[in-house]
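The structure appears right after this line, and notes come after that.
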Amino acid sequence: RITENSFTTTRMRNLCEISDDCNVQYTSFLGDGFCDGFTYDTEACCRDGGDCNLPVFGDCKVSNTCQVLPSEISMLGDGICDDSYRFNTNTEACCWDGFDCGPPEQEQEQEQFFGE
């Protein structure tokens, strides 16, 4: 249970029950699609209601500045380079679309190697 403005509510986010030990100022921040960190990114708060459960690809962890909606996070690392206008996940923050696109320097090396 979480207390906010003297109201008590129970919240479930991403199959994780937010516990009584989750002490945050704004419960509306939990599960809002942004990893707020600090006191929100705890087990008691279900890693900010799942917002801080960002995927890791090798040694690259997807940043909360990756411009992808939580419902679209599965696009990362799916084998398709999503670098269009709508889904520009070919960025360092998105781990180059979960390495579906590859870092820019890797692409340049491949072009030089293959002569493209």
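Along the sequence shown, the residues carry numbers beginning at 1. What you see is a predicted model, and the numbers here were worked out from it, not measured in a lab.
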*Of all heavy-atom pairs between Asp48 and Phe29, which one has the smallest distance, and what is that distance?*
OD1-O, 3.1 Å

_Tell me the closest heavy-atom pair linking Ile80 and Asp78, and the distance in Å._
N-OD1, 3.0 Å

_Smallest separation among heavy atoms of Asn90 and Trp96, with atom names_ = OD1-CD1, 3.3 Å

*asked:* If the condition is side chain to side chain contact (heavy atoms under 4.5 Å, CB included), which residues does Cys45 pass it with, not counting sequence neighbours?
replied: Cys22, Val24, Leu30, Thr42

*Do Tyr40 side-chain atoms and Gly49 backbone N/O form a donor-acceptor pair below 3.5 Å?*
no

_Non-hydrogen atoms of Asp100 and Leu76 that approach each other most closely_ = OD2-C, 4.2 Å

_Minimal non-hydrogen separation, Lys61 against Cys95, with atom names_ = C-SG, 3.6 Å

*asked:* Taking side chain to side chain donor-acceptor pair (under 3.5 Å) as the definition, give me every residue that meets it alongside Asp41, ordered by chain and number, with sequence neighbours left out.
replied: Arg47

*Mind listing the closest non-hydrogen atom pair of Gly77 and Phe57 along with its distance?*
CA-CE2, 3.8 Å

*Any chance you could measure Asp32, atom CG, to Asp51, atom CG, to the nearest 0.5 Å?*
5.0 Å

_Checking the side chain of Thr89 only, and the main-chain atoms of Asp82 only, is there a donor and an acceptor separated by less than 3.5 Å?_
yes

